[in-house]
Amino acid sequence: MDRDDAFRQFVAVRGATLMRVAYVLTGDSYFAEDLLQIALTKVAGRWWRIRSPEKAEAYARTALYREYVNWRRVKRNSEAPTEVLPEPAESEDFAAEAVQRMTIGRALAELTRRQRAVLILRFYEDRSVEQTAELLGCSTGTVKSQTSVALAHLRRLGPELAHLLSDIEADVPVGGGS
Amino acid sequence: MTRFRDAVHDLAEQAPPVGELAERALDGARRKHRRALVPAAAAAMIAAISAGVLLVSMLAVPVQDPLRDNAGDPKITTDTLIDIPDTAPRLPTDDVGAALMAYSINCEKDDPSEFPPQCWRIMTTDRKHWSVSDAAASTHQDPGAIDSPVVVAPIGDRIAYVRPNGTFVIRHLQSGTVDEIFQWTRREISFLTISWSANGRWIVVTPDGGDVWGFKEPTPNALLVDTDTMDTVDISAYGRSFGVSNSKPFPFGFETSTSARGIPRVDALPVIDHAGRQVGAVSAKLLPGRQRHIDGVTGKVSPDGRVLAAIGTNYSDQQDDPNYGATALTFIDVANNRVAHEYFYHDHEHTWLVLQILGWRDNSTLLVMLGDRQLKANPDPEDDYPYEGELEISVVGLDVETGNRTPLIRFSDYPNQLSLAPGLLDSGG
């Protein structure tokens, strides 16, 4: 298997997982594709040095998050910010799930990119404060403060979000961010 | 109840397909390479020198298997007492080493409810207990509805489980990374069977949905997962999981027909290969107790795929059989369609036998949970059904040829469900 085939295989196996990260970061299918393509281009350019799929994935994730935080091409996520969030979901049917996706998507769009990246790393990828700081290239203090500010902002957006956040409040005391 | 993590995972499922991104990324990298050929060549030279230095330094460090101690001995040898603590911290994404076992217990020790909420944990080889907080489990809101296990890989380096939103994941305990393998609906994950092959390459998963024994209809989305490539093979047509062998074809589940009176019965157990093709069958007449109806039969295939160990109640046609009504542990020779060994275990007057297959330590040793539950008079005078009392149970290694048992693990407090890393246990031989 030549170098390009090894890279193609890496994307075939891990691409979907990385795409999900790109999607929850950007909240938009087209931007997610663009963001992941930029990250994968960096991986492809260094494939001869990266070699192992594990290293490639770690490198791709770092590129994905850092590129997202520093992305200048897209000024804002595609969702229109709103003061009024959709009605809370009452049951587990498809409509309620769709409303919930809109709720969480719009709420995340209200955050800064760094705040959103911190929340996704902490609570979607289950990374520790230290790992999040390392991946974003910032201090653990910045991660804690950004987490705290982001969660406080989400709580202010509506009772439905405060309800959703109850599972991570145990990990992140209000105002603490640790 | 949906929470933030679940909501974000649910949002992530809306992500678009990867499509041609690999080709586009390769094209982009080639263009970039052509634009910066000279700096890249310089970087390549530096990298090559760095790699050489790294290789030399790696060669100087003795390779150590992190899952075994320095002497290479198994972590559990014989009759080891494991203390189950009342609480456990949340599993971090840092390296926690290898997991010797995963288990579920009641979240609150004295919860009086009929279906108390369950909490999943792992215990690592340094005897630390960690809570796997994102594993699906019964809750007060959903009592008894979800009974899907957290299952440890053979050498304890990974755990496989399903999240409350139905995502089946493999968590790497040393890197903290998570591979998301498949998405089921919440209904489908109620009773999930997950088995690793002994070499850690394959996982077979069967969600039984609301139909616990899964014999009425083919189970939805039964999967064979190649963890080397994360490719999945749909084996839904073959029924219910009996585990997966390392490389040889293995018996999988139930192939059923319906009797003239409309009672589902077993005709054969399909033997399938790792591509999901049926290549043979094992006669259902070999099942424990020669049962043609299958409720309660559980089993696990050996690492080499040659033997199926199965447990069932011995309801043979001959009621003067001294083992009638006993629990039968039957070892079926898959290739030759015959019973190789069979052992019977009886309830005592004041105890109920508990016997459960945990897996194979190797091709000659089966790991079972074996014990007795004390029976007491029911405090309700209207109900003469025995009241279940204290449980005495241990993990033993059972020699297939002789039936001899070697105690391996005792517990201070008994887990409700248990999965072991067989590679970290002594054979007990």
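Side chains included, hydrogens not; waters and symmetry mates left out as well; all remaining heavy atoms used. None of these values were measured; they are calculated from a predicted model. Order of the sequence lines sets the chain letters (A, B, ...), proteins ahead of strands, with each chain counted from 1.
Closest of all the heavy-atom pairs between B:V8 and A:V24 is O-CG1, 3.7 Å. Between A:A44 and B:L26 the shortest heavy-atom distance is CB-CD2, 4.1 Å. For A:Y23 against B:P16, the heavy-atom pair with the smallest separation is CD1-CD, 3.9 Å. Across B:A15 and A:M19, no two heavy atoms sit closer than the pair CB-O, 3.9 Å.
Rounding to the nearest 0.5 angstrom, the gap separating the CZ atom in A:R8 from the CG atom in B:L21 is 13.5 Å.
Contact annotation for B:Q14: both backbone and side-chain heavy atoms come within less than 4.5 Å of a heavy atom of chain A. Contact of B:D231 with chain A is not made at all, since no heavy-atom distance falls under 4.5 Å. The part of B:V178 that comes within reach of chain A is its backbone (N, CA, C, O), which places non-hydrogen atoms under 4.5 angstrom from that chain. There is no contact between A:L18 and chain B, counting heavy-atom distances below 4.5 Å.
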*For A:D126 and B:R90, what are the C-alpha separation, side-chain angles and deciding distance, and is it a salt bridge (Lys or Arg N to Asp or Glu O under 4.0 Å)?*
CA-CA 11 Å; A:D126 285 339; B:R90 184 191 165 122; 3.6 Å; yes
_CA sep, side-chain torsions, deciding dist, call: B:V18, A:V11, side chain to side chain contact (heavy atoms under 4.5 Å, CB included)_ = CA-CA 8 Å; B:V18 175; A:V11 176; 3.7 Å; yes
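Among the candidates A:A22, A:S29, A:G15, the residue making the largest number of heavy-atom pairs closer than 4.5 Å to chain B is A:S29. Between chain A and the residues B:L11, B:T229, B:L91, the largest count of heavy-atom pairs under 4.5 Å involves B:L11. Contact count against chain A (heavy-atom pairs under 4.5 Å) is highest for B:H9 among B:E23, B:H9, B:E13, B:M230. No other option in A:E33, A:R61, A:E130 has as many heavy-atom pairs under 4.5 Å with chain B as A:E33.
Classification of the A:F123-B:F4 ring pair by plane angle, with boundaries at 30° and 60°, yields perpendicular.
Looking only at distances, a side-chain donor or acceptor of A:Q131 sits under 3.5 Å from a matching main-chain atom of B:T93.
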